[in-house]
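Shown next, in structure tokens, is the structure this report addresses.
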There are 2 protein chains.
Amino acid sequence: MKEGPDIAQIGSLIGDPARANMLTALMGGKALTATELAAAGGITLQTASTHLAKLEAGSLLSQRKQGRHRYFTLADDGVGKLLESIMGFAAGRGHLRHQPGPKEPALRKARICYDHLAGDYGVRMLDSLVASGAIDAIGDGLAVTAKGEDRFQCIGIDLHGLKSSRRPLCRSCLDWSERRAHLAGSLGKALLSNFFDKGWARRTAESRSVIFSPEGERQFLQLFPVEA
Amino acid sequence: MKEGPDIAQIGSLIGDPARANMLTALMGGKALTATELAAAGGITLQTASTHLAKLEAGSLLSQRKQGRHRYFTLADDGVGKLLESIMGFAAGRGHLRHQPGPKEPALRKARICYDHLAGDYGVRMLDSLVASGAIDAIGDGLAVTAKGEDRFQCIGIDLHGLKSSRRPLCRSCLDWSERRAHLAGSLGKALLSNFFDKGWARRTAESRSVIFSPEGERQFLQLFPVEA
DNA sequence: TTCATACTTCGATCGTAACCGAAGCATGTC
DNA sequence: GACATGCTTCGGTTACGATCGAAGTATGAA
């Protein structure tokens, strides 16, 4: 009858619209203050405070105090992965938002999924990496090839540093807008950081969408071509 | 602010304890009647009926009428995968049930995860298949090798029939009790059916746990050895 | 010290949805 | 036909939790 882990608890944590909005906002990867999250959730600061306490107690969030601010982030990438998978599930069943806002197209084109690139461009990047033989793919599994090691070296990624971390190097993550996989894991994170560092793209202030500069877009499309 | 798919909706569907219990019961893979699900959820038949209607509207369940019974199942294996991943997440954070019932050990040893084998035995089976070279694994991805084709043929699995289905042949599924992957997909389903057909194991009436016969257990352990 | 900002806690309100009893429908059995 | 079983719908109660105003605490700035 009552078997296994308590899925109802985390279901109800995600099930409240205000909390869901706050979690979605945190999928942008940036640490946000309680005040910012209150705005994201469309609620007052007091209400947000209680919600945040609950989310933290449920170990979905972690916080760190800095001065008189309290910065919240998702507890780890496991939370991000869970949220994205629920999004993919919801999108697949047509449980979409009632109002597809004006930002929607930009979000579908390129956005942050916790700490890596998602959306059309995210999917394109992985496709291109697989097609060019830099990454091996079996089903949902991904691995960097010898060829890929050189390739990422050229781009300016320190693979050896990444390998020493406990986090998996490559991970596929189901993209809710494209319904296909994009690259997550520490390599996915490193690539996105690399684009930011090079000035090819920047994150927006209030959204998860990623904006490419004209030059950055040109470089990106050239670096990750797709065959016709 | 309000970006992407509506995760709150499905969160709240799973967030109700009664509904969560019913969904968990359906993870056993068997079609259950409204009355049985009411018992599983610990609620009356009337209440269960409204819950089931909501779950069906949310396309988590599908039903088919048969005589005066109404049989419910999970809508598809995507729902099963989602539930198992939430279970894995919850288990990893210690969101376990308060009372670890007496059935718990049996459940951890071998259970049904929607339609394939999970638990200690499920993980062992996949490990053994990978170690013997029947299945290739890259990260979370799985694929049957040429060697594996012969192997499954011997066991009595019609791989060609499975390949023609739209469902992926191999899929890894995170096991909540073992915290490691076991084999899902149509091959995972076929293997479990095979064990049932051979009389090696049987499902229990009221639980998701799978009971092996002494002889079946012997054969299973011999067929899927693990190196010392 | 005084004031402002960031956040939490308390207290009370309010709305929703979970719940069940009772009645209604449908299907099968006798 | 009469009756039993399986399930749904209706109506009314209840309880929980989301919400916010107001007051309280902590940190930083003037």
Side-chain angles (χ1 to χ4, degrees), chain A residues 1-2 6-26 30-58 60-73 95 98 205-206, chain B residues 1-2 6-26 30-58 60-73 95 98 205-206:
Chain A
M1 215 148 291
K2 297 190 178 179
D6 194 355
I7 60 172
Q9 193 175 349
I10 72 157
S12 71
L13 282 176
I14 299 175
D16 180 81
R19 283 195 290 259
N21 284 333
M22 294 193 283
L23 289 169
T24 304
L26 286 171
K30 267 192 299 193
L32 298 175
T33 66
T35 308
E36 290 169 322
L37 287 169
I43 47 179
T44 63
L45 183 56
Q46 310 94 290
T47 308
S49 182
T50 65
H51 280 313
L52 290 169
K54 283 177 192 174
L55 287 171
E56 201 192 354
L60 293 182
L61 298 185
S62 60
Q63 57 159 306
R64 67 169 187 280
K65 222 173 154 178
Q66 210 168 89
R68 53 182 165 182
H69 293 277
R70 193 155 286 227
Y71 286 95
F72 290 86
T73 54
H95 293 245
H98 311 296
E206 293 295 335
Chain B
M1 211 151 291
K2 298 192 174 177
D6 193 356
I7 60 174
Q9 192 176 351
I10 74 156
S12 72
L13 280 175
I14 299 174
D16 180 82
R19 282 196 290 259
N21 284 333
M22 292 193 285
L23 288 170
T24 304
L26 285 171
K30 265 191 301 190
L32 297 175
T33 66
T35 308
E36 289 168 324
L37 287 169
I43 48 180
T44 63
L45 183 57
Q46 310 93 288
T47 308
S49 182
T50 66
H51 280 314
L52 290 170
K54 284 176 190 173
L55 288 171
E56 201 193 353
L60 293 181
L61 298 186
S62 61
Q63 55 159 306
R64 66 168 189 282
K65 222 172 151 179
Q66 211 170 89
R68 52 183 166 185
H69 294 276
R70 193 156 286 224
Y71 286 96
F72 291 86
T73 54
H95 292 246
H98 312 296
E206 293 295 333

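These figures come from a predicted structure and were not determined experimentally. Each chain gets a letter, A, B and so on, in the order the sequences are listed, and its residues count up from 1. Quick note: numbers below take in every heavy atom, side chains included, and nothing from hydrogens, waters or symmetry partners.
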Are [X] and [Y] close enough that some pair of their side-chain heavy atoms sits under 4.5 Å apart?
{"X": "A:Ile10", "Y": "B:Ile14", "answer": "no"}
{"X": "A:Arg70", "Y": "A:Leu52", "answer": "no"}
{"X": "A:Asp16", "Y": "B:Ser12", "answer": "no"}

Handout entry: Expected output: side-chain A:Arg19 to main-chain A:Leu13 donor-acceptor under 3.5 Å
Key = yes
Exercise for the section: Please answer whether the main-chain N or O of A:Ala20 pairs with a side-chain N or O of A:Thr24 as donor and acceptor at a distance below 3.5 Å. Expected result: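 Confirmed, A:Thr24 side chain pairs with A:Ala20 backbone.
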Distance test, side-chain N/O of [X] to OP1/OP2 of [N], below 4.0 Å:
{"X": "B:Thr44", "N": "C:dC20", "result": "yes"}
{"X": "A:Lys65", "N": "D:dT27", "result": "yes"}
{"X": "B:His51", "N": "C:dC19", "result": "yes"}
{"X": "B:Ser49", "N": "D:dT8", "result": "yes"}
{"X": "A:Thr35", "N": "C:dA6", "result": "no"}
{"X": "A:Lys54", "N": "D:dG17", "result": "no"}

Euclidean distance, atom [atom1] of residue [X] to atom [atom2] of [N] [Å, nearest integer]:
{"X": "B:His69", "N": "D:dA4", "atom1": "NE2", "atom2": "C1'", "value": "12 Å"}
{"X": "B:Glu36", "N": "D:dT5", "atom1": "CD", "atom2": "P", "value": "16 Å"}
{"X": "B:Leu52", "N": "C:dA18", "atom1": "CG", "atom2": "C1'", "value": "14 Å"}
{"X": "A:Glu56", "N": "C:dT8", "atom1": "CD", "atom2": "P", "value": "9 Å"}
{"X": "B:Tyr71", "N": "D:dT5", "atom1": "OH", "atom2": "P", "value": "16 Å"}
{"X": "A:Gln66", "N": "C:dC7", "atom1": "CD", "atom2": "C1'", "value": "15 Å"}
{"X": "B:Arg70", "N": "D:dT8", "atom1": "CZ", "atom2": "P", "value": "5 Å"}
{"X": "A:Ile43", "N": "C:dT8", "atom1": "CD1", "atom2": "P", "value": "12 Å"}

Name the closest nucleotide to the [X] side chain, picking from [options].
{"X": "B:Ala34", "options": "C:dC19, D:dT8, D:dC20", "value": "D:dT8"}
{"X": "A:Arg68", "options": "C:dA26, C:dA6, D:dT8", "value": "C:dA6"}
{"X": "A:Thr33", "options": "D:dC7, C:dC7, D:dC20", "value": "C:dC7"}
{"X": "B:Thr47", "options": "D:dC20, C:dC19, D:dC7", "value": "C:dC19"}

Completion exercise
By nearest-nucleotide position on DNA chain D, the 5'-leaning member of A:Gln46 and A:Ser12 is A:Ser12
